[in-house]
Every structure is written in C-alpha cells, then in structure tokens.
Amino acid sequence: EEEGVLWLRLAGVQGLPSDLLVAVCYLPPALSAAAAAAWFETLADECAQAMAAGLVLLSGDFNGRTAEAPDTADASETPLRRSTDPVLAGHGRALLQFCRTMGLLVCNGRVAGDVPAQPTSRAVRGDAQAVVDYFLADPQLLPLVRSLQVAPAPLGGSDHCHMRLDISLAPAPQDPMPPPPPPPLPDALPPDYTIVDARLPQVEAFLRSDAAAAELQAVREAAAAAG
C-alpha cells in the first residue's frame, strides 16, 4: 500500500450501484517532482485495482494548487471547474495529470456549495488562500454528489479547513406503473351488437310487454332521482 494513503471499502451501501472504495491521501509538500511522480504512479496502480471492485473516491491533502486547469482530456463533457485560487503550483500539475490518466474528476469548484472552490489551506501565517485539499470522484459517482462544504476557517490549530462531501443515496425516481384497467361491469352489453331479422318479432314482442315497460319506467325514475 502506498505511503500516505489509507483505503476504506464500504460494501453494500444501499443506493449505490456497487461498493464504494475511499482513499484518504497525504502527499508531503517537500517531495521532489520525481518522487511525487512515483507517488502518483503507485497511487494509480492502487486506484485501478479499486476501480475494478467498485466506485472510487479520493480525498485528502495533495499539496498541489490547480487553479482552473483542466482535469479531464475532454472538458466539453463535464461541468466546468471554478476556483478562487488562481495559482497552478506545487504538486498541482502532477495531480491534474493523475486525474486525466485515471478519469477522476475534481469535486472542488464543480459541485453545489463550493462553486467557486474555496480555500482549504491558510498556511502557517493564516493569510494564505490556497486550494490544496480535494475530493476526486469517479465519473459514475459525481452525479450522486449533492454538495461540498469547506469550513471558513481552520479548526483545532490546523492550517487546513474542514471539508464535507454529501452523497445522495436515494434511488433514482422511476416512472409510476399505470393503474390497472377497471373490472368489467356485470352483465354489461358489448359496445356493438346486431339483432338479426329472424329475431325482430321476438324483440318487438318483448319491448311491448309489461315487463319491459316496468323496467323502462324504473330506469326513468332512477334517472330522475339522480338528476
């Protein structure tokens, strides 16, 4: 397992199409460019294995400022990313290349609650405005991300701000089933029927009978009462 990376597997989460594999990462700022590239290469190998097992979400301090530089090869297919940090520095370029290689998307500056991306680090002096802590999401997971919140100030003596990512686990709405057809009325006549000539005398005799007259009178009285 890569140093500075802790993997967690959340299995059988209701509302997710597969297991969720979460990596908590820390990339030291003092690493050389070559050492950082090797770090990301190892992380990419672990990430590929995790992607084969489910959805992937990475989080942590990558000590890289990415400004609004693209994190995907085809920016036209994803929502644009906005940031309050205009600087591209540190391990930022290596982080963006890692995202493009693995197909992961930066949540900061892209999801509700953090557009544009808010500073996550105030540095030791407390006056910095750097975005160096990130959530990186699988493209299949990004539509389920409801919001990202960055605390306005560091907590507990740290120079980094607390971040919170909310994921919606509600199942997607489905089209309602159409109601079943109503049951047929008892003894209902078909919509179309024909009286053959040979039966006309019998029909005429029935219509002139007292029984038929009584039934017709009952129908008229019921209609009058209902009206």
Side-chain angles (χ1 to χ4, degrees), residues 1-7 22-48 56-139 141-142 145 147-165:
E1 185 175 281
E2 173 72 306
E3 183 177 355
V5 178
L6 174 65
W7 283 96
V22 180
V24 182
C25 307
Y26 175 71
L27 178 58
L31 284 184
S32 65
W39 188 90
F40 276 114
E41 184 176 352
T42 303
L43 179 61
D45 292 339
E46 295 181 2
C47 194
V56 169
L57 177 67
L58 274 62
S59 66
D61 180 3
F62 292 90
N63 277 298
R65 302 171 73 175
T66 59
E68 294 179 357
D71 55 350
T72 175
D74 188 357
S76 64
E77 296 185 355
T78 56
L80 294 177
R81 193 168 58 91
R82 298 299 182 216
S83 180
T84 58
D85 184 359
V87 178
L88 179 60
H91 300 310
R93 290 180 177 84
L95 173 61
L96 293 170
Q97 182 57 50
F98 168 78
C99 290
R100 290 191 290 268
T101 299
M102 302 309 301
L104 297 174
L105 298 173
V106 177
C107 295
N108 306 59
R110 183 172 272 141
V111 300
D114 192 51
V115 180
Q118 296 301 301
T120 65
S121 174
R122 305 292 184 177
V124 177
R125 298 188 307 272
D127 57 354
Q129 300 286 323
V131 179
V132 296
D133 305 272
Y134 299 91
F135 282 103
L136 314 177
D138 189 305
L141 183 64
L142 188 64
V145 176
S147 65
L148 193 163
Q149 302 290 334
V150 179
L155 302 175
S158 171
D159 60 335
H160 288 258
C161 300
H162 174 77
M163 299 195 307
R164 169 175 171 169
L165 190 75

For R82, all residues meeting salt bridge (charged side-chain N to carboxylate O under 4.0 Å, His left out), sequence neighbours excluded:
E68

Test side-chain contact (heavy atoms from CB on, under 4.5 Å) applied to S147 - qualifying residues, sequence neighbours left out
Q149, D166

For the pair L165 and S59, evaluate side-chain contact (heavy atoms from CB on, under 4.5 Å) and give the outcome as yes or no after the intermediate values.
CA-CA 10 Å; L165 190 75; S59 66; over 6 Å; no

Any chance the side chains of T42 and E46 put a donor and an acceptor closer than 3.5 Å?
no

By side-chain contact (heavy atoms from CB on, under 4.5 Å), which residues pair with A44, not counting sequence neighbours?
F98, M102

Who passes side chain to side chain donor-acceptor pair (under 3.5 Å) against T78, sequence neighbours left out?
none

Do T66 and V106 have side chains that get closer than 4.5 Å, going by heavy atoms?
no

Verdict with reasoning, W7 to V56, per side-chain contact (heavy atoms from CB on, under 4.5 Å)
CA-CA 10 Å; W7 283 96; V56 169; 4.3 Å; yes

So Q129 and R122, side-chain contact (heavy atoms from CB on, under 4.5 Å) or not? Walk me through it.
CA-CA 6 Å; Q129 300 286 323; R122 305 292 184 177; 2.6 Å; yes

Quick one: side chains of residues 22-38, donor-acceptor pairs under 3.5 Å with protein atoms, not counting sequence neighbours, listed by atom name and distance.
{"unit_1": "S32", "atom_1": "OG", "unit_2": "A35", "atom_2": "N", "d": "3.1"}

Selection residues 65-96 - residue pairs positive for ring pair (Phe, Tyr, Trp, His ring centres under 6.0 Å), sequence neighbours left out
none

Which pairs, with at least one residue in residues 84-101 and sequence neighbours excluded, count as a salt bridge (charged side-chain N to carboxylate O under 4.0 Å, His left out)?
R65-D85

Using every non-hydrogen atom in the two residues, find where M163 and Y134 come nearest and quote the distance to one decimal.
CE-N, 3.8 Å

In this structure, CD of E41 is separated from CG of D45 (nearest 0.5 Å) by 6.5 Å

For F62, enumerate each residue passing the ring pair (Phe, Tyr, Trp, His ring centres under 6.0 Å) test, keeping only those at least two apart in sequence or located in another chain.
none

Taking side chain to side chain donor-acceptor pair (under 3.5 Å) as the definition, give me every residue that meets it alongside T120, ordered by chain and number, with sequence neighbours left out.
D133

Scan for side-chain hydrogen bond (donor to acceptor under 3.5 Å, both in side chains) pairs involving residues 105-115, sequence neighbours excluded, and state none if there are none.
D71-R110

Which distance, rounded to the nearest 0.5 Å, do you find between the CG of L104 and the SG of C99?
6.0 Å

Looking at A69 and L96, what are the two nearest heavy atoms and their distance?
CB-CD1, 3.4 Å

Which of P116, P86, S83, C161 passes side chain to side chain contact (heavy atoms under 4.5 Å, CB included) with V131? It is S83

Contact check, side chains of V150 and P119, non-hydrogen atoms, under 4.5 Å:
no

What pairs with D138 under side chain to side chain donor-acceptor pair (under 3.5 Å), at least two apart in sequence or on another chain?
none

